[in-house]
Amino acid sequence: MPGPVPQLRAWRIGFAATLAAAATAFAPQATGQQDRPQVVEARVATSVAPGKKRSLRLAKVPKSAAVQVNLTTDGPVVVAVVPEEDLPRYPEPASLILTSRVAERLSFTFLAPESGNYLVVLDNVSGDAERKVAVTVRGVMARRPADPDGLPPARRDTF
């Protein structure tokens, strides 16, 4: 399990590298692993200055992957999940996955509607004090259904 990422940069962070490096965990590595769910987990702690936003980039999330987010904060912030291409339109993106105001703790899970990069936005724009936020993200790719004849897809059509 990856440890905490030490430093966040404004707006985009190194958290993406943690998930991008582990993205290969979503693809089965060998025959027999297709029936096991693939799990990626990362944790990060940061602070969000008053009047500012930060985002956590979830890189290369496969379509239909379940992404669980657990958040704790020392005061109120707004949390949103948006596809990366909608970030310039935040706080009114074309496709918003979730938005919620959180004062202490929030846990939620979403299914990625498409493959791609997603951002967990920590918004303290209307805040009057710096907020410390700890985030744990866990991605789980659902099990693949078993092939009816037990053969790999490349071999199934050759008989």
Side-chain angles (χ1 to χ4, degrees), residues 1-30 33-91 93 95-144:
M1 175 172 15
V5 176
Q7 180 67 37
L8 290 177
R9 290 180 212 112
W11 202 233
R12 295 188 185 184
I13 62 165
F15 184 70
T18 303
L19 289 179
T24 56
F26 281 115
Q29 301 298 315
Q33 287 189 347
Q34 287 133 344
D35 59 340
R36 285 190 249 157
Q38 304 297 314
V39 178
V40 177
E41 185 172 314
R43 297 177 188 189
V44 65
T46 187
S47 60
V48 185
K52 300 290 182 184
K53 299 180 269 255
R54 296 246 174 160
S55 67
L56 309 175
R57 184 172 182 251
L58 310 178
K60 299 181 182 178
V61 178
K63 181 177 181 174
S64 300
V67 181
Q68 179 184 17
V69 180
N70 297 310
L71 233 114
T72 58
T73 179
D74 65 350
V77 294
V78 174
V79 176
V81 177
V82 298
E84 186 175 40
E85 61 272 8
D86 282 345
L87 184 61
R89 292 186 286 276
Y90 181 83
S95 48
L96 181 67
I97 308 291
L98 171 127
T99 186
S100 180
R101 186 162 184 81
V102 58
E104 290 180 14
R105 294 179 190 264
L106 177 67
S107 293
F108 60 90
T109 301
F110 71 93
L111 294 178
E114 297 295 329
S115 295
N117 300 330
Y118 292 86
L119 295 162
V120 177
V121 180
L122 307 172
D123 185 340
N124 194 21
V125 170
S126 62
D128 57 358
E130 181 176 80
R131 299 296 176 207
K132 294 182 193 276
V133 183
V135 182
T136 301
V137 177
R138 183 174 192 196
V140 180
M141 185 62 191
R143 295 179 185 187
R144 290 184 177 188

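What you see below is based on every heavy atom in this structure, not just the backbone, and it leaves out hydrogens, waters and symmetry mates. Just so we're clear, the structure is a prediction, and the values are computed from it rather than from any experiment.
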Name of the residue among Val78, Val77, Val125, Leu122 meeting side chain to side chain contact (heavy atoms under 4.5 Å, CB included) with Lys53: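 Among Val78, Val77, Val125, Leu122, the one meeting side chain to side chain contact (heavy atoms under 4.5 Å, CB included) with Lys53 is Val125.
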Among Leu87, Leu56, Val82, Ile97, the one residue meeting side chain to side chain contact (heavy atoms under 4.5 Å, CB included) with Tyr118: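 Testing each of Leu87, Leu56, Val82, Ile97 against Tyr118, the sole residue satisfying side chain to side chain contact (heavy atoms under 4.5 Å, CB included) is Ile97.
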Any side-chain heavy-atom pair of [X] and [Y] under 4.5 Å:
X      : Y      : value
Phe108 : Val81  : yes
Ser126 : Arg101 : yes
Pro76  : Arg131 : yes
Pro50  : Glu130 : yes
Arg57  : Asn117 : yes
Pro91  : Val121 : no

Do any N or O atoms from the side chain of [X] and from the backbone of [Y] form a donor-acceptor pair under 3.5 angstrom?
X      : Y      : value
Asp86  : Ser95  : yes
Thr73  : Ala103 : no
Asn124 : Val48  : yes

Spacing of CZ belonging to Arg138 relative to OG belonging to Ser107, to within rounding of 0.5 Å: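 That separation rounds to 12.5 Å.
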Tyr90 vs Leu119, side chain to side chain contact (heavy atoms under 4.5 Å, CB included): CA-CA, chis, key distance, verdict: CA-CA 11 Å; Tyr90 181 83; Leu119 295 162; over 6 Å; no
Heavy-atom pair with the smallest gap, counting every atom of Asp74 and Lys132: OD1-N, 2.9 Å
Contact summary for Ala112 and Pro62, nearest pair of heavy atoms: CB-O, 3.5 Å
Thr136-Asn70 side chain donor-acceptor pair, cut-off 3.5 Å: no
